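What follows is a set of notes on a single structure, which appears directly below.
From a predicted model like this one, the values you see are computed outputs, not experimental measurements.
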Amino acid sequence: MAPESQIPTPASAKRRFAVSLALFYSAVFAVSGTHLPFFPVWLKAIGVDAAWIGLINALPAITRFTTLPQVTAFAEKRHAIRAGMMVSALATAIGFTAVGLQHQPLALFLIYALTCMMWTPTMPLTDAYALRGVARYGLDYGPLRLWGSAAFAAGSLACGYLVDHIAARDLIWVIVAWAVVAVAAGLLLRPLDDVRRKATERHAGEALLRDAGFWAVIVSAALIQGSHVAYYTFSAINWQLHGISGLTIAGLWTLGVIAEIVVFALSPRFSLHPSTMIAIGGLSAVLRWIVTANEPPLALLAIVQLGHGLSFGMTVVGTMNLLVQRVPSHQIARGQGYLAACSGLLSAATSIASGAIYARVGDGVYYVMAAMAAAGALLIWSARHRLMPHPQSEASGG
C-alpha cells in the first residue's frame with residue numbers, strides 16, 4: 001500500500017473521508033441490522049410460509065453471484081465506485097418501499113429480487129471504496145468498519161424494541177426508514193483520487209481467477225460466512241417459538257455485534273497471519289453452531305453469541321487483509337465482486353436447503369452449518385503457505 005499511502009494528505013481531508021465513510025457504513029448496516037433478524041419475522045407475520053421464506057431469503061445470495069459481479073466490474077471500469085454506492089442506496093430505498101406494499105409470495109419474490117439486484121452490490125462497493133481509502137490515507141480497515149457494526153447493533157436493538165410495541169406487519173417500514181437514511185449519507189461521501197492504470201487491464205478478472213491463492217481466500221471465507229445463513233434466517237423465528245421476546249432477541253444479536261466491534265477495534269494490533277485469522281473464525285463457528293444446535297439455555301446462548309466476534313469478525317478482518325495483499329488497488333472492486341459472488345452462490349444454496357432442513361429437524365440445521373465452517377477452516381489452513389504477501393501488492397498500491 002506504500003505508493004498511495006505515502007501521498008501527502010491534509011489531516012482534514014483524511015478526517016472528512018473517515019467520517020463520511022463511517023456515516024455511510026452506519027446507515028447501510030442499520031438497514032442490515034433490521035433486515036437480517038426481522039425481515040423473516042415480517043414475512044411470517046404477513047402469512048408467508050417457511051418454504052417461501054427460505055426461497056425469498058435466498059435472493060440476496062443469488063444476486064451476489066449473478067448480477068453483483070457485473071455491477072462491481074462496471075463501476076470499476078467506469079471509475080464510478082462512489083457513484084455506484086449512491087445509486088445502489090437510492091434504488092434500495094425505492095425497492096424496499098415497493099416490497100412493503102405487496103403481501104403475495106410470488107409478487108414479493110419478484111419485487112424483492114429486483115431490489116436485491118441493486119442492494120447487494122452496496123457492501124462490496126463500499127468495502128472497495130474503503131480499501132482504496134485505506135491505501136490512499138494510510139488508515140486501518142477495522143476501525144472504519146466497526147461503525148457499521150455499531151449501527152447494525154443499534155438498528156437491531158431499535159427494531160427488537162419495536163417488535164414488542166408495533167404490529168410485526170409494520171416492521172418493513174423500519175427497514176425502509178433506514179434505507180432512506182443511507183441515501184442521505186451517500187450524498188456526503190468524499191471523492192477519491194482516480195487509481196486507473198494507463199496500461200490496458202482487459203484480462204484483469206481472468207488473472208485474478210487464475211490465482212489459486214485468491215480462490216482459497218474467497219472459497220474459505222464463503223464457506224465460513226455461509227455457515228451463518230441458518231442463524232440469519234431462522235434464529236429470530238426459532239427463539240420466538242421458545243418464548244424469547246423481541247427485545248431479548250435483539251439483545252442476543254447485539255451481544256454478537258459488540259464482540260464483532262471489539263475485534264474490529266483491536267484488529268490493527270493483531271500480529272497473526274490473515275490465513276490464521278480466517279481459520280480461527282472457522283473453528284469458532286464450528287463450536288458456536290454445535291452448541292446452538294443443542295438448544296442451550298438463555299445464559300449459555302448469550303455466551304455463545306459472543307463467538308460472533310470470532311466466527312464473523314475475525315473472518316472478515318483476515319479476508320480483507322489477504323485481499324489487500326493479493327489484489328491491486330485498481331482491481332479491488334472486481335475482487336470484492338468475486339468474493340461476493342462466491343459467497344452468494346454458497347449462501348443461496350444454503351438458504352434454500354436450510355429452509356427444508358429446518359422444517360424437518362429444527363435446530364438440527366446448525367450441524368450442517370458447523371460442517372460448512374469446518375470445511376472453510378480446513379481449506380484456508382491447507383493453503384496458508386501459498387498465501388504469503390503477493391509480490392504485486394506493494395507495487396500496485398493494493
Side-chain angles (χ1 to χ4, degrees), residues 1 3-4 21 28 60-89 116-136 141 144-145 189 191-222 225 274 278 316 318-348 383 386-387 389-398:
M1 293 189 295
E4 288 178 275
L21 177 58
V28 169
I62 292 172
T63 59
R64 288 188 191 106
F65 69 85
T66 52
T67 58
L68 185 151
Q70 284 70 40
V71 173
T72 54
F74 178 82
E76 184 173 74
K77 182 178 179 181
R78 297 290 181 178
H79 310 284
I81 292 178
R82 172 173 163 266
M85 294 160 63
M86 297 167 69
V87 171
S88 181
C116 290
M117 288 179 188
M118 292 304 299
W119 178 35
T120 55
T122 306
M123 192 48 59
L125 288 173
T126 305
D127 281 334
Y129 174 82
L131 291 180
R132 285 188 174 182
V134 163
R136 172 64 178 85
Y141 174 80
L144 291 171
R145 173 64 171 73
L189 291 169
L192 281 174
D193 296 334
D194 192 351
V195 295
R196 73 184 75 188
R197 291 296 187 265
K198 294 181 180 179
T200 303
E201 297 288 347
R202 297 165 67 181
H203 303 295
E206 291 83 350
L208 278 179
L209 294 181
R210 287 196 299 268
D211 182 352
F214 177 73
W215 270 108
V217 174
I218 66 173
V219 173
S220 59
Q225 301 294 20
I278 298 176
V316 168
T319 301
M320 291 300 170
N321 285 345
L322 284 175
L323 289 181
V324 166
Q325 289 180 7
R326 303 197 71 84
V327 183
S329 182
H330 60 289
Q331 296 177 22
I332 197 67
R334 194 185 303 267
Q336 289 288 339
Y338 289 146
L339 170 63
C342 185
S343 298
L345 180 60
L346 282 170
S347 295
R386 71 169 68 223
L387 292 173
H390 198 282
Q392 73 180 159
S393 63
E394 293 183 7
S396 63

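- With hydrogens and angles ignored, the 3.5 Å screen pairs no side-chain donor or acceptor of Thr122 with any backbone N or O of Met85.
- Between Gln225 and Ser347, every side-chain heavy-atom pair lies at or beyond the 4.5 Å cut-off.
- Taken to the nearest 0.5 Å, the CE atom of Met117 stands 13.0 Å off from the OG atom of Ser88.
- When every heavy atom of Cys116 is checked against every heavy atom of Thr63, the shortest pair comes out as O-OG1, 3.5 Å.
- If you check the side chains of Tyr141 and Asn321, you find no donor sitting under 3.5 Å from an acceptor.
- Tested against Pro121 for a side chain to side chain contact (heavy atoms under 4.5 Å, CB included), the candidates Thr126, Val87, Val71 yield a single pass: Val71.
- In this structure, Cys342 and Ile218 approach most closely via the heavy-atom pair SG-O, 3.8 Å.
- In terms of heavy atoms, Ile81 sits closest to Ala128 at CD1-CB, 4.3 Å.
- Contact detail for Thr319 and Ala221: the closest heavy-atom pair is OG1-CB, 3.5 Å.
- When all heavy atoms of Pro69 and Gly337 are compared, the pair lying nearest together is CG-O, 4.1 Å.
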Give the C-alpha distance, both sets of side-chain angles, the deciding distance and a yes or no for side-chain contact (heavy atoms from CB on, under 4.5 Å) between Leu323 and Asp127.
CA-CA 11 Å; Leu323 289 181; Asp127 281 334; over 6 Å; no
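- In this structure, CE on Met123 lies 12.5 Å from CG on Leu339, to the nearest 0.5 angstrom.
- Between Ile332 atom CD1 and Arg132 atom CZ the span is 8.5 Å, to the nearest 0.5 Å.
- A pairwise comparison of heavy atoms in Gly335 and Phe214 identifies O-CZ, 3.9 Å as the closest pair.
- At distances below 3.5 Å, not a single donor-acceptor pair connects side-chain atoms of Gln336 with backbone N or O atoms of Leu125.
- Not counting sequence neighbours, Arg64 has no partner by the salt bridge (charged side-chain N to carboxylate O under 4.0 Å, His left out) test.
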